[in-house]
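Here is the structure we will look at.
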Amino acid sequence: MPAHKVVSQEEIVRAALDILRKSGSDAINARNIAKKLGCSTQPIYRIFGGMGKLEQTLEQTARNVQTAEVEKYIRKSKYPPYMAYGLGFVAFAKKEKRLFRYLYMSDGKLQGKIPIDTDTDARLKVMCEVYGYESETAEKMNSDMTTFCYGLALGVNTGTMDINEAEIAERLHRVFRALT
């Protein structure tokens, strides 16, 4: 009798993330993940107790990927941090098409809210300290800017907009000026 392959939680999540990136969320199931790992579905159910827990973990992992990508973009950007966040969000939508769709275009993910924002506190702090806005005003402006960024991200993700970084930066700048 052949030995059972020992599979870790991290390997399962990595396999699910890889499937998500290559084939989209519809391809995420225990059978496809097990096939990618070269094992049975048993380790998935043993470790996660079911697909629901794995999907929660996968969603958090995808959010972590987004946060890391946006933060990396902010660090290397020539633009101020507040604008760089918006540019990084749009760049993530363009680079990681299926992860963006999974996080922001799948049924029920947003639950009627504006897009989930990473490190909102840091951007609000910039708006208050650098631009001198009161907290409530900064929150409203950030909400409007996030919604605008989401629209740009949808456009580049779906291919309905073909704009480069400079054009995105100019649009973000115009909207920010209009709000201020």
Side-chain angles (χ1 to χ4, degrees), residues 10 13-14 16-18 20-21 24-25 28 52-180:
E10 292 78 23
V13 173
R14 270 196 310 268
L17 187 63
D18 190 49
L20 176 59
R21 282 178 158 146
S25 60
I28 301 296
K53 179 73 171 152
L54 173 56
E55 288 169 2
Q56 288 175 345
T57 304
L58 179 60
E59 183 175 343
Q60 186 57 54
T61 301
R63 289 203 186 290
N64 293 345
V65 169
Q66 174 198 338
T67 299
E69 287 290 321
V70 171
E71 287 175 358
K72 183 171 74 174
Y73 190 94
I74 291 169
R75 281 192 306 274
K76 71 176 182 116
S77 181
K78 65 182 180 184
Y79 297 99
Y82 192 80
M83 182 182 284
Y85 167 78
L87 287 161
F89 182 77
V90 175
F92 169 77
K94 189 172 189 175
K95 177 182 177 185
E96 292 280 4
K97 289 188 183 302
R98 289 195 171 105
L99 288 185
F100 178 84
R101 290 174 186 171
Y102 176 72
L103 291 172
Y104 295 102
M105 297 169 69
S106 297
D107 290 340
K109 290 280 190 245
L110 292 179
Q111 301 171 3
K113 300 176 187 174
I114 62 168
I116 284 98
D117 211 355
T118 58
D119 203 10
T120 303
D121 292 338
R123 274 185 311 292
L124 293 176
K125 184 177 178 182
V126 167
M127 295 197 64
C128 293
E129 291 178 3
V130 175
Y131 298 104
Y133 291 104
E134 296 295 323
S135 179
E136 186 178 328
T137 302
E139 286 177 21
K140 288 177 182 176
M141 287 177 61
N142 187 65
S143 176
D144 291 342
M145 286 300 296
T146 300
T147 302
F148 183 74
C149 287
Y150 180 63
L152 289 174
L154 282 172
V156 300
N157 181 273
T158 60
T160 56
M161 295 176 76
D162 185 21
I163 56 177
N164 63 32
E165 179 183 73
E167 291 172 294
I168 295 166
E170 176 57 32
R171 289 175 188 212
L172 291 172
H173 183 68
R174 279 196 314 265
V175 170
F176 185 78
R177 277 193 331 230
L179 289 171
T180 59

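Sequence positions, counted from 1, serve as the residue numbers for this chain. None of these values were measured; they are calculated from a predicted model.
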* Does a side-chain heavy-atom distance below 4.5 Å link Tyr131 with Thr180? -> no

* To do: With sequence neighbours excluded, give me every salt bridge (charged side-chain N to carboxylate O under 4.0 Å, His left out) pair touching residues 148-172.
  => Glu170-Arg174

* To do: Could you tell me the separation between the OH atom of Tyr73 and the CZ atom of Phe89, rounded to the nearest 0.5 Å?
  => 13.5 Å

* Any side-chain heavy atom of Leu172 sitting closer than 4.5 Å to one from Leu152? -> yes

* Asked: Heavy-atom distance under 4.5 Å between the side chains of Phe100 and Leu154, does that happen here?
  -> yes

* Asked: Is any side-chain heavy atom of Val13 closer than 4.5 Å to a side-chain heavy atom of Leu54?
  -> yes

* Asked: Would you call Gln66 and Glu69 a side-chain contact if the rule is heavy atoms closer than 4.5 Å?
  -> no

* How long is the span from the CD atom in Glu134 to the CE atom in Met127, to the nearest 0.5 Å? -> 12.0 Å

* Structure fact -> Value for OH (Tyr82) from CG (Leu124), rounded to nearest 0.5 Å, stands at 7.5 Å

* Structure fact -> Looking only at heavy atoms, the pair that brings Leu17 and Val65 closest together is CD2-CG2, 4.2 Å

* Asked: Hey, does Met141 have a side-chain heavy atom less than 4.5 Å from the side chain of Phe176?
  -> yes

* Any chance you could measure Thr67, atom OG1, to Gln60, atom CD, to the nearest 0.5 Å? => 8.0 Å

* Compare all side-chain heavy atoms of Glu59 with those of Glu55 and state whether any distance is below 4.5 angstrom. => no

